[in-house]
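Keep in mind that what you see is a predicted model, and the values were worked out from it rather than measured. Naming convention: chains lettered A, B, ... in sequence-line order (proteins, then strands); numbering from 1 in each chain.
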Amino acid sequence: GAVVSQHPSWVICKSGTSVKIECRSLDFQATTMFWYRQFPKQSLMLMATSNEGSKATYEQGVEKDKFLINHASLTLSTLTVTSAHPEDSSFYICSGLPSGRETQYFGPGTRLLVL
Amino acid sequence: GQQLNQSPQSMFIQEGEDVSMNCTSSSIFNTWLWYKQEPGEGPVLLIALYKAGELTSNGRLTAQFGITRKDSFLNISASIPSDVGIYFCGAGGGADGLTFGKGTHLIIQP
């Protein structure tokens with residue numbers, strides 16, 4: 001149980017375009033989902049907390065207008081990287097928090113390369 | 001922001017040796033977790049700790065939640081080749097996002 005999927009697993013896009021990444025909890029409901037970013041050989045850094053039916057909470061230094069988050073249902077959160085630039089190239093990982101639980105479960109990640 | 005100090009940064013060991021890594025923080029946390037991440041994949045939960053002083057095992061892995069709630073360690077006994085990977089400590093939990101350590105890169109020589 002507690003399986004999280006992400007789509008796509010990797011994406012290459014041109015600078016200036018927007019990219020949408022989906023995060024789904026497959027066998028549980030997640031009132032809260034989280035989005036992390038990981039640069040090569042570095043740790044995961046929390047970008048934002050996504051709450052179903054409400055606005056996301058962004059960490060300091062993360063632009064909410066650039067990283068749009070929509071948590072429309074208890075099993076789906078999306079992250080849209082708008083007007084992507086090469087410096088946005090990274091590994092984006094989401095996690096889901098099963099309702100009433102304390103432990104997050106992570107998706108397999110989405111590797112974004114902006115040319 | 002909050003930071004976790006994880007050490008060692010990397011370990012080169014022989015197969016069969018025991019491994020020990022730890023994380024410390026200047027802040028108190030109510031949950032400590034240990035994850036393993038392999039290249040190109042998301043972190044996989046190994047052990048979750050919810051009470052100060054708690055000692056929990058998962059096969060050859062043992063982790064403890066420090067009594068001060070500011071530290072945790074992970075031990076791996078009798079290492080095998082498939083233990084290779086990057087191990088992250090994480091703290092926080094619940095509706096709060098996790099703060100991660102910088103990871104311990106484990107390399108095992110046969």
Are there donor-acceptor pairs under 3.5 Å across chain A and chain B? List atom names and distances.
from	atom 1	to	atom 2	distance (Å)
A/Y36	OH	B/L98	N	2.9
A/Q38	OE1	B/Q37	NE2	2.9
A/Q38	NE2	B/Q37	OE1	2.9
A/S43	OG	B/G101	O	2.5
A/E102	O	B/G94	N	3.1
A/T103	OG1	B/Y50	OH	2.2
A/Q104	O	B/Y35	OH	3.1
A/Q104	NE2	B/D96	O	3.4
A/P108	O	B/G42	N	3.2

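Interface residue A/L44: backbone and side-chain heavy atoms are both found under 4.5 Å from chain B. For chain A, the nearby parts of B/F100 are the backbone and the side chain; heavy atoms of each come within less than 4.5 Å. Contact annotation for B/L98: both backbone and side-chain heavy atoms come within less than 4.5 Å of a heavy atom of chain A.
Residues in residues 68-110 of chain B take part in these disulfide (SG to SG under 2.5 Å) pairs, two or more places apart or across chains: B/C23-B/C89. Applying the disulfide (SG to SG under 2.5 Å) test to pairs two or more places apart or on separate chains, those with a residue in residues 23-107 of chain A are A/C23-A/C94. Legend: salt bridge (Lys or Arg N to Asp or Glu O under 4.0 Å) pairs involving residues 72-84 of chain A, not counting sequence neighbours: none detected.
In the hydrophobic cluster analysis, where Ile, Leu, Val, Met, Phe, Trp and Tyr join through side-chain heavy atoms closer than 4.5 angstrom, A/I69 is grouped apart from A/L76. Both B/L45 and A/V4 are assigned to one and the same hydrophobic cluster, defined by single-linkage of ILVMFWY side chains at heavy-atom distances under 4.5 Å. In the hydrophobic cluster analysis, where Ile, Leu, Val, Met, Phe, Trp and Tyr join through side-chain heavy atoms closer than 4.5 angstrom, A/I93 is grouped apart from A/M45. Transitive grouping of hydrophobic side chains (ILVMFWY, heavy atoms separated by less than 4.5 Å) keeps B/I47 and B/F88 in distinct clusters.
Taking all atoms of both residues into account, the shortest heavy-atom contact from B/G97 to A/L46 is CA-CD2, 3.5 Å.
Few gaps surround CE on B/M11; more than 12 heavy atoms of other groups in view lie less than 6.0 Å from it.
Each of B/G103, B/G40, B/A48, B/P39 has some count of heavy-atom pairs under 4.5 Å with chain A, and the biggest count is that of B/G40.
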